[in-house]
*Asks:* 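Quick one: this structure, given as structure tokens, is what I'll be asking you about.
In what follows, chains carry the letters A, B, and so on, assigned in the order in which the sequence lines appear, proteins first and then strands, with residues in each chain numbered from 1.
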Amino acid sequence: MKSLVETDELGFYGKFGGAYIPELLYPAVEELRKAYLKYKDDTSFEDEFKALLKDYVGRPTPLYYSEKLSEKYGGKIYLKREDLCHTGAHKINNTIGQILLAKRLNKTQIVAETGAGQHGVATATVCALLGMECIIYMGEKDMERQAPNVQRIKYLGAKVIPAVSGSKTLKDATNEAIRHWINNPDTFYLIGSVVGPHPYPSMVAYFQSVISEEIIRQLQEKEGVNHPDKVIACVGGGSNAAGAFYHFYDVPEVDLIAVEAGGLGVKSGKSAATAQLGKPGVIHGSYTLLMQDEFGQITEPHSISAGLDYPGIGPLHAETIHSGRVDCIAINDDKALDHASFLAKSEGIIPALESSHALAVLDHLKIKKDEIIVINLSGRGDKDMSTLTQNME
Amino acid sequence: MKKEISIFTTAGYPEIDSLNRQLDLLEEFEIDFCEVGIPFSDPMADGPTIQETSMKAISNGMNIDLLFKQLSERQSNTPIYLMGYLNPIEQYGIERFLKKCVDNQIIGLILPDVSIEIYERNYRRLFEEYGISLCFLVTPRTSDDRIKRAAELSKNGFLYLVSTNQITGGTSKSQNSLDDRYLEVKKLAGSTKVMIGFGIHDRKSFEQKTAHVDGGIIGSAFLRAVQNNETESFLRGITNKTEKISTLASS
Ligand SMILES: Cc1ncc(COP(=O)(O)O)c(C=O)c1O
């Protein structure tokens, strides 16, 4: 049987996916698709990728047993510490993979979008490492709420261009990055999540799959089991979730729980709960679930967390949520804030606001004794300090 | 040979009911055909001008139902193609949309985010059933084989040659180096009409870019003229006509 992470030749996971791109992008997307197929199973590529993940990113990241969370909620709760990656989030796993592809394609200029700024930082970082020119599009609103990351991107030598259209957040930054790519077809577009036209969703999921690969090994060591009972991850576009779920999609005993941003409440009109509010349609080159009005105009999402403030969701998630393989739960702004605070005070770990949404799902689960639960702690909260301190009781 | 002139406009811009007045004017100027843009919130291949006109049109309340209503009331005989992104049409329902196109004598569609591959798999059967042609875009970088395939699929409409690899609204001078490629595209297209677009902004750039093909499409430059209340003088310039036809006739 076909694995859930495989697509057909046009890039569809079942109903969702594909490449809905203007002909202007066809040569660039086709070049990328061929390069990805060629290098994915190339041992020298694999060796270089793995070496950088180890020595530069600091992998494997720890799988940390949280005594406090386990005590409070029952079961055995582990945190997969992607917050300890170099630059502070899982995003760098993917940027290392893509920059090595860009190098093999002899590219010299990189363009990317960013929401929370973590992907922007991770992209600027690998561009500095490999000596490439780097341009980052970021929504004007996000530049304000994630100011420390803007400074980091600039300090690393990249150029930040504000996206001023629409809601001035991740969706608009993505539009601008795609337009830049159309105008500069020799530039490499280094996308930050499992979104966009095929092959991006598959490729980014693959580069992030190191997360679940490590979880398997670490649980064998710590618990003597081959898989956890539940894996929980937040979903903006869905790259950290795709990475944390990757090797478990085809293991039906593992519950996979995707957490999206409820904003002020799923029904409040100020939400980014794409799986619940979205309908099938086309955004940024793929057929997926997206938030839109009755006329098919894409609507503006809301989340306190810039990385989840996106009206779409990767097609792999659309397919697996739609089919029921993955459960999806929305967590509102206030609950995410509560859980950020709890983890900081109880474990001494300040999580990113995105990751705090994943933590908050614990309130909604019936947890059996001895159940092994892994929460993907996708990033650290340094970038969110102004939002976190403003909301301190 | 006389080159065909086509004008692109955004439905619902600048006013919700501007379309039919614009179509009348285009007929008076003997514009060969018109592309009516269905506004979309996130037009990925478009520059600032069409982004702005689209946002304005959406906030004016333009939508597909209203567009067809306006089209059904038109007096103008200028042939019409509809251009837009897939999502609003998907929500409307492809088959329902194609029916309405037939009812309103629409010749064909231009959907920049629908690739040849996706068209052949998902839409071709329906389009052929309704006799609506989808006109494909190609660029100077598109491979020869792909140009032939796109031209074959577009044969009842036209092949849309994007002049440079640029989003809409640029005013870049046509590089002479591309002229040879335009000529090759025209040859590869066989009997399919080739219209060039993106970046044509006045009579001079029109003449330059259409030298080797059948005609040219003017979009952003027309909309900028509309924005500046210079629609008629712009059309006079582009068509090389000193007066509107109606004025000529009556004088
Ligand atoms: C820490 C962190 N987690 C999660 C996300 C959401 O992205 P994705 O769903 O692709 O993992 C972001 C995005 O910026 C992030 O910075």
Side-chain angles (χ1 to χ4, degrees), chain A residues 8-12 15 17-31 33 163-167 171-172 174-187 196-198 278-288 290-300 311-312, chain B residues 38-48 51-52 54-55 57-59 61-67 84-93 111-122 136-143 146-147 150 160-162 164-170 172 198:
Chain A
D8 66 19
E9 74 282 4
L10 292 188
F12 286 90
K15 174 173 163 188
Y20 292 77
I21 46 165
E23 190 60 32
L24 293 86
L25 285 178
Y26 181 83
V29 169
E30 193 55 15
E31 177 187 43
R33 193 182 65 82
V164 296
S165 55
S167 50
K171 162 180 88 85
D172 313 288
T174 308
N175 286 335
E176 292 304 329
I178 293 175
R179 289 179 187 127
H180 180 99
W181 192 27
I182 291 176
N183 286 346
N184 302 275
D186 294 322
T187 296
H198 179 66
K279 284 181 293 182
V282 177
I283 183 173
H284 297 144
S286 76
Y287 189 76
T288 189
L290 63 127
M291 290 168 53
Q292 51 187 313
D293 67 16
E294 58 179 310
F295 304 114
Q297 309 296 354
I298 297 174
T299 51
E300 293 179 6
Chain B
I38 303 168
F40 180 49
S41 55
D42 294 77
M44 102 176 128
D46 286 301
Q51 288 173 43
E52 261 171 52
S54 302
M55 290 319 281
I58 292 168
S59 68
M62 183 44 71
N63 60 54
I64 292 178
D65 258 331
L66 183 58
L67 171 60
Y85 291 82
L86 183 59
N87 199 55
I89 299 172
E90 272 275 340
Q91 299 318 311
Y92 190 81
L111 304 175
D113 55 353
V114 176
S115 66
I116 293 176
E117 290 74 17
I118 302 255
Y119 174 70
E120 289 189 329
R121 186 194 283 192
N122 294 348
F136 283 91
L137 275 65
V138 296
T139 80
R141 292 164 72 106
T142 305
S143 71
R146 219 172 151 74
I147 290 171
Y160 195 138
L161 172 57
V162 176
T164 54
N165 236 80
Q166 292 282 315
I167 55 174
T168 58
S172 67
F198 285 42

*Asks:* Kindly say whether A:Asn184 contributes a backbone atom to a donor-acceptor pair with the side chain of B:Gln166 at under 3.5 angstrom?
*Replies:*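 Pair absent, no side-chain N/O of B:Gln166 close to backbone of A:Asn184.
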*Asks:* Return the set of residues passing ring pair (Phe, Tyr, Trp, His ring centres under 6.0 Å) with A:His284 (not counting sequence neighbours), or none when no residue passes.
*Replies:*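 If we apply the ring pair (Phe, Tyr, Trp, His ring centres under 6.0 Å) test to A:His284, skipping adjacent residues, the hits are A:Tyr310.
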*Asks:* Only one of A:Ile178, A:Leu24, A:Asn183 clears side chain to side chain contact (heavy atoms under 4.5 Å, CB included) with B:Ile167; which?
*Replies:*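 Going through the options one by one, the only one that passes is A:Asn183.
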*Asks:* CZ/B:Phe198 to CD1/A:Ile182 distance, rounded to the nearest 0.5 angstrom?
*Replies:*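 Answer rounded to 0.5 Å: 8.0 Å.
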*Asks:* Checking B:Gln51 against chain A: side chain, backbone, both or neither under 4.5 Å from a heavy atom?
*Replies:*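 The answer is the side chain of B:Gln51.
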*Asks:* Main chain of A:Tyr26, side chain of B:Arg141: is a donor-acceptor contact present, judged purely on distance under 3.5 Å?
*Replies:*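 No, because the side chain of B:Arg141 does not come within donor-acceptor range (under 3.5 Å) of the backbone of A:Tyr26.
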*Asks:* Is it true that a side-chain atom of B:Ser41 and a backbone atom of A:Ile298 form a donor plus acceptor pair closer than 3.5 Å?
*Replies:*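 Side chain of B:Ser41 to backbone of A:Ile298: a pair is present.
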*Asks:* Between A:Lys171 and B:Asp42, is there a side-chain heavy-atom distance shorter than 4.5 Å?
*Replies:*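 B:Asp42 reaches A:Lys171 side chain to side chain.
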*Asks:* Looking only at atom types and distance, does a side-chain atom of B:Glu90 sit under 3.5 Å from a main-chain N or O of A:Pro280, one as donor and one as acceptor?
*Replies:*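 Between the backbone of A:Pro280 and the side chain of B:Glu90 there is no qualifying donor-acceptor contact (under 3.5 Å).
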*Asks:* Where does A:Glu176 contact chain B at under 4.5 Å (heavy atoms): side chain, backbone, both or neither?
*Replies:*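 Only the side chain of A:Glu176 comes within 4.5 Å of chain B.
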*Asks:* What's the shortest heavy-atom distance between A:Pro22 and B:Ala45, and which atoms?
*Replies:*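 Looking at all heavy atoms of both residues, the closest pair is CG-CB, 4.2 Å.
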*Asks:* Is the side chain of B:Asn87 donor-acceptor paired with the backbone N or O of A:Gly296 at a distance under 3.5 Å, no angle test?
*Replies:*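 Present.
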*Asks:* To the nearest 0.5 Å, tell me how far A:Tyr287 OH sits from B:Asn122 CG.
*Replies:*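 Reported to 0.5 Å precision, the distance equals 9.0 Å.
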*Asks:* Side chain from CB out, backbone as N, CA, C, O: work out which of these in B:Tyr92 comes under 4.5 Å of a heavy atom of chain A, or both, or neither.
*Replies:*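 For B:Tyr92, no heavy atom lies under 4.5 Å from chain A.
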*Asks:* In this structure, which one of A:Leu25, A:Val282, A:Ile21 forms a side chain to side chain contact (heavy atoms under 4.5 Å, CB included) with B:Asp113?
*Replies:*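 One option only clears the test, and that one is A:Val282.
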*Asks:* Identify which part of B:Leu86 has an atom lying under 4.5 Å from any heavy atom of chain A, answering side chain, backbone, both or neither.
*Replies:*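 Just its side chain gets close to chain A.
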*Asks:* Quick check on B:Asp46 against chain A: is it the side chain, the backbone, both or neither that has a heavy atom closer than 4.5 Å?
*Replies:*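 Answer is backbone: N, CA, C or O of B:Asp46 sit under 4.5 Å from chain A.
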*Asks:* Mind checking what makes salt bridge (Lys or Arg N to Asp or Glu O under 4.0 Å) contact with B:Glu117, not counting sequence neighbours?
*Replies:*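 B:Arg146, B:Arg149.
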